[in-house]
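This structure is a prediction, so every number in the text was calculated from the model and none was measured. By convention here, the first residue in the shown sequence is residue 1.
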Amino acid sequence: MNLPNRITLTRIFMIPVMLVFLLVDAGWLSHEITLGVYSLPVHQLIAAVLFIVAASTDGIDGYIARKYNLVTNLGKLLDPLADKLLVGTVLIGLVAMGKCDAWIAVVIISREFAVTGLREVALLEGSVIAASKWGKAKTITQIIAISALLLNNFPFEWLSFPFDDVAMWLAAVITLYSGIDYFVKNKSVLSFSKA
C-alpha cells in the first residue's frame with residue numbers, strides 16, 4: 001500500500017464523516033456563525049472543510065503517483081471510485097437538505113455511471129479512455145459549485161449574487177456535455193453489431 005493509495009483511502013474514509021457533519025444538526029453543531037447577512041451552521045462549515053480537503057487530495061495522490069512512478073492497478077480503481085463517492089454522497093446530502101435540486105444530482109450521478117460503463121466496455125475491448133479536458137472541467141466546476149453550496153454562497157451572499165446556484169447549473173451543463181463528449185469521441189467502442 002503506497003502513499004498515493006493511502007491518500008485515496010483517506011479520502012474515502014472522510015466521506016461518511018463528512019456526511020455525518022453535513023446531516024447532523026444537533027447541539028453545538030447547530031449553532032450559527034453569523035457575519036452580517038451571512039450565516040452558516042457549524043455542522044455545515046465542518047462538512048464544507050472536510051469536502052474541500054478531501055477534494056484537494058485528488059490532485060495530490062495523482063501527482064505523487066505519476067511523479068514517483070507509484071501508479072498501481074489498485075490506485076487506478078480507487079481514485080475514480082473515491083471521486084464519484086465523494087461527489088455523489090455530498091450531492092445526495094445537499095438534496096436531502098433542500099440545498100440542491102434533485103434533477104441536478106441525478107444528471108451528475110447518472111453521467112458518472114454512464115462514463116464508467118463506457119470505460120469498462122473499452123477495457124473489455126483492450127483500450128483505455130483517457131480523461132478529457134471536459135472531464136477535468138467537469139470535476140473543477142462540481143467542486144466549486146458544491147463548495148459554494150456547502151458554504152451558503154460565501155462570500156457572494158454579501159453581494160446578493162446567487163453564485164452557488166449559477167455554479168451548480170454550470171456544473172450540471174458541463175457534466176452533461178462532458179458525458180456526451182466521451183460517448184461521441186468513443187462511439188467506436190460501442191459496437192452493437194457484435195454478438
Side-chain angles (χ1 to χ4, degrees), residues 8 11-12 14-15 18-19 22-23 38 40 44-45 47-63 79-123 127-190 192:
T8 305
R11 184 159 78 252
I12 292 171
M14 287 175 73
I15 295 168
M18 179 203 63
L19 188 63
L22 185 61
L23 299 178
Y38 177 78
L40 181 69
Q44 203 171 311
L45 174 62
V49 169
L50 289 171
F51 174 78
I52 292 166
V53 168
S56 68
T57 65
D58 180 32
I60 295 168
D61 59 8
Y63 172 78
D79 188 57
L81 177 64
D83 299 341
K84 289 165 182 48
L85 287 172
L86 179 64
V87 169
T89 300
V90 76
L91 279 174
I92 292 167
L94 288 167
V95 169
M97 296 170 68
K99 296 182 72 60
C100 178
D101 291 334
W103 74 266
I104 289 179
V106 168
V107 164
I108 291 172
I109 293 169
S110 297
R111 180 266 184 211
E112 297 303 339
F113 278 116
V115 171
T116 299
L118 180 65
R119 283 196 162 115
E120 292 298 319
V121 171
L123 280 175
S127 61
V128 174
I129 297 175
S132 71
K133 65 179 181 180
W134 284 108
K136 291 173 184 172
K138 175 263 314 178
T139 301
I140 292 166
T141 56
Q142 285 177 0
I143 290 169
I144 291 170
I146 290 170
S147 298
L149 283 174
L150 288 171
L151 291 170
N152 282 357
N153 201 34
F154 177 82
F156 300 96
E157 192 63 24
W158 287 318
L159 304 173
S160 298
F161 176 67
F163 175 81
D164 53 353
D165 292 332
V166 172
M168 190 50 80
W169 273 81
L170 182 62
V173 169
I174 291 175
T175 298
L176 186 60
Y177 181 82
S178 73
I180 293 168
D181 184 59
Y182 272 110
F183 276 86
V184 169
K185 288 182 177 170
N186 297 285
K187 60 186 173 195
S188 60
V189 171
L190 300 172
F192 297 107

Checklist entry - How are the rings of W134 and Y177 set relative to one another: parallel (under 30°), tilted (30 to 60°) or perpendicular (over 60°)? => result perpendicular

Checklist entry - Does Y63 have any side chain to side chain donor-acceptor pair (under 3.5 Å) partners at least two apart in sequence or in another chain, and if so, which? => result K67

Checklist entry - Is the closest side-chain heavy-atom distance between I15 and L19 below 4.5 Å? => result no

Checklist entry - Can you check side chain to side chain contact (heavy atoms under 4.5 Å, CB included) on N186 and R119, steps first, answer last? => result CA-CA 9 Å; N186 297 285; R119 283 196 162 115; over 6 Å; no

Under 3.5 Å, which donor-acceptor pairs do the side chains of residues 141-149 form with other protein atoms, sequence neighbours left out?
| residue | atom | partner | partner atom | Å |
| --- | --- | --- | --- | --- |
| T141 | OG1 | A137 | O | 3.0 |
| T141 | OG1 | K138 | O | 3.0 |
| Q142 | NE2 | T175 | OG1 | 2.9 |
| S147 | OG | I143 | O | 2.7 |

Next on the checklist: Tell me whether S132 contacts the main-chain N or O of G135 through its side chain, where contact means a donor paired with an acceptor under 3.5 Å.
Outcome noted: yes

Checklist entry - Can you tell if the side chain of F161 reaches within under 4.5 Å of the side chain of N153, non-hydrogen atoms only? => result no

Next on the checklist: With a 6.0 Å cut-off (strictly less than), is the heavy-atom count around CZ of F183, excluding the residue itself, greater than 12?
Outcome noted: yes

Checklist outcome for this item: L118 and Y182 have their tightest heavy-atom pair at CD2-O, 3.6 Å

Checklist entry - How long is the gap from NZ on K136 to CD1 on I174, to the nearest 0.5 Å? => result 15.0 Å

Checklist entry - Hey, does E157 have a side-chain heavy atom less than 4.5 Å from the side chain of D164? => result no

Item to check | Shortest non-hydrogen contact between L150 and A48, atoms and distance | outcome: CB-CB, 3.7 Å

Checklist entry - Hey, does Q44 have a side-chain heavy atom less than 4.5 Å from the side chain of L151? => result no

Checklist entry - What's the shortest heavy-atom distance between R11 and D79, and which atoms? => result NH2-OD1, 2.7 Å

Which donor-acceptor pairs under 3.5 Å do the side chains of residues 84-108 make with protein atoms, sequence neighbours left out?
| residue | atom | partner | partner atom | Å |
| --- | --- | --- | --- | --- |
| T89 | OG1 | L85 | O | 2.6 |
| K99 | NZ | N152 | OD1 | 2.7 |

Next on the checklist: Contact between L176 and R111 at the side-chain level, heavy atoms closer than 4.5 Å - yes or no?
Outcome noted: no

